[in-house]
2 protein chains.
Amino acid sequence: MNNDNTVYVGNKPVMNYVLAVVTQFSNGADEVAIKARGKAISRAVDTAEIALNRFLQGVMKKEIRISTEEIETDDGRTNVSSIEIVLTHRV
Amino acid sequence: MNNDNTVYVGNKPVMNYVLAVVTQFSNGADEVAIKARGKAISRAVDTAEIALNRFLQGVMKKEIRISTEEIETDDGRTNVSSIEIVLTHRV
């Protein structure tokens with residue numbers, strides 16, 4: 001899967017990310033991955049749910065993965081949880 | 001699956017929920033479901049990751065589901081995202 005089809009969810013309003021996901025599919029993407037870390041994980045789930053329920057026809061959840069990433073901060077290394085939600089066209 | 005094996009994640013410190021999950025497995029549960037809604041979703045992912053990486057041997061993620069629930073508030077009905085992370089003993 002191409003990285004161009006990934007939407008990274010951060011601290012902006014959720015509809016920004018929903019629009020990004022919908023745009024990817026409108027531009028012909030077969031799959032879109034929604035990724036987030038830490039507190040933004042909840043917003044990533046909102047993004048997927050709103051995109052699926054309100055905007056995207058014929059698209060479904062393909063896979064949901066959670067994992068732990070080690071990141072560098074000013075205070076050294078720390079662990080942060082992450083999520084990846086892959087949406088795909090229904091066959 | 002028995003509801004006794006469900007841990008509902010809310011606004012308490014994450015280690016409270018990690019302890020609840022570990023205790024369920026210690027008491028003989030084959031599966032434990034971690035559930036959360038809204039902003040607590042991030043903490044549910046933290047709970048699963050910390051429990052798996054630091055405390056539980058021979059336990060793996062079985063399934064991760066996200067969905068939208070309609071809840072009643074003082075201002076009427078509203079939608080909220082939810083997550084369910086099912087952990088199970090490795091076969």
Side-chain angles (χ1 to χ4, degrees), chain A residues 7-22 31-57 59-71 73 77-88 90, chain B residues 7-22 31-57 59-71 73 77-88 90:
Chain A
V7 173
Y8 291 93
V9 174
N11 294 318
K12 294 180 190 169
V14 66
M15 292 309 290
N16 293 37
Y17 305 109
V18 172
L19 180 64
V21 171
V22 172
E31 288 190 4
V32 175
I34 301 167
K35 294 186 183 183
R37 296 197 293 201
K39 288 188 194 304
I41 288 174
S42 306
R43 192 169 292 115
V45 174
D46 286 341
T47 299
E49 287 294 312
I50 293 170
L52 288 171
N53 293 335
R54 303 225 302 247
F55 296 98
L56 298 170
Q57 302 290 324
V59 174
M60 56 182 273
K61 297 161 208 162
K62 180 187 181 188
E63 194 171 12
I64 303 169
R65 282 186 288 265
I66 60 174
S67 60
T68 301
E69 297 180 11
E70 197 177 60
I71 59 170
T73 68
R77 291 176 171 278
T78 186
N79 289 330
V80 63
S81 298
S82 66
I83 195 167
E84 177 176 4
I85 304 165
V86 181
L87 305 185
T88 188
R90 221 181 287 272
Chain B
V7 173
Y8 292 94
V9 175
N11 295 319
K12 293 179 189 166
V14 65
M15 293 308 290
N16 293 39
Y17 305 110
V18 172
L19 180 64
V21 171
V22 172
E31 288 189 4
V32 175
I34 301 166
K35 295 186 183 183
R37 297 197 294 198
K39 288 187 194 304
I41 287 174
S42 307
R43 192 169 293 117
V45 173
D46 287 341
T47 299
E49 288 295 312
I50 294 171
L52 288 171
N53 293 335
R54 303 225 302 247
F55 296 98
L56 297 171
Q57 304 290 325
V59 173
M60 56 182 275
K61 297 160 207 163
K62 180 186 181 188
E63 193 171 12
I64 304 169
R65 282 186 289 265
I66 61 174
S67 60
T68 301
E69 297 180 11
E70 198 177 60
I71 59 169
T73 68
R77 290 175 171 278
T78 187
N79 289 331
V80 64
S81 298
S82 66
I83 196 167
E84 178 175 3
I85 304 164
V86 181
L87 306 184
T88 188
R90 224 181 285 270

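The sequence lines fix the lettering, A, B, ..., with proteins before strands; numbering per chain opens at 1. Fair warning: this is a prediction, and the values are worked out from it, not measured in the lab. As a basis for the values below, the full set of heavy atoms in this structure was taken, side chains included, without hydrogen atoms, waters or symmetry mates.
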The single option from A:Ile34, A:Val21, A:Val45 that satisfies side-chain contact (heavy atoms from CB on, under 4.5 Å) with A:Val9 is A:Ile34
If one checks every heavy atom of A:Ala48 against chain B at 4.5 Å, the contacting part turns out to be side chain
At a cut-off of 3.5 Å, what donor and acceptor atoms pair up between chain B and chain A?
residue	atom	partner	partner atom	Å
B:Gly38	O	A:Ser42	OG	3.3
B:Lys39	O	A:Ser42	OG	3.2
B:Ser42	N	A:Ser42	OG	3.2
B:Ser42	OG	A:Gly38	O	3.3
B:Ser42	OG	A:Lys39	O	3.2
B:Ser42	OG	A:Ser42	N	3.3
B:Ser42	OG	A:Ser42	OG	2.9
B:Asp46	OD1	A:Ser81	OG	2.4
B:Glu49	OE1	A:Thr68	N	3.2
B:Glu49	OE1	A:Thr68	OG1	2.5
B:Asn53	ND2	A:Thr68	OG1	3.0
B:Lys61	NZ	A:Ile66	O	2.7
B:Ile66	O	A:Lys61	NZ	2.7
B:Thr68	N	A:Glu49	OE1	3.2
B:Thr68	OG1	A:Glu49	OE1	2.5
B:Thr68	OG1	A:Asn53	ND2	3.0
B:Ser81	OG	A:Asp46	OD1	2.4

Chain B shares the most heavy-atom pairs under 4.5 Å, among A:Ile85, A:Leu52, A:Ile64, with A:Ile64
If one checks every heavy atom of B:Ala44 against chain A at 4.5 Å, the contacting part turns out to be neither
Under 4.5 Å to a heavy atom of chain A? For B:Ile83 that would be side chain
Okay, B:Ile50 and chain A: the region with an atom under 4.5 Å from a heavy atom over there is neither
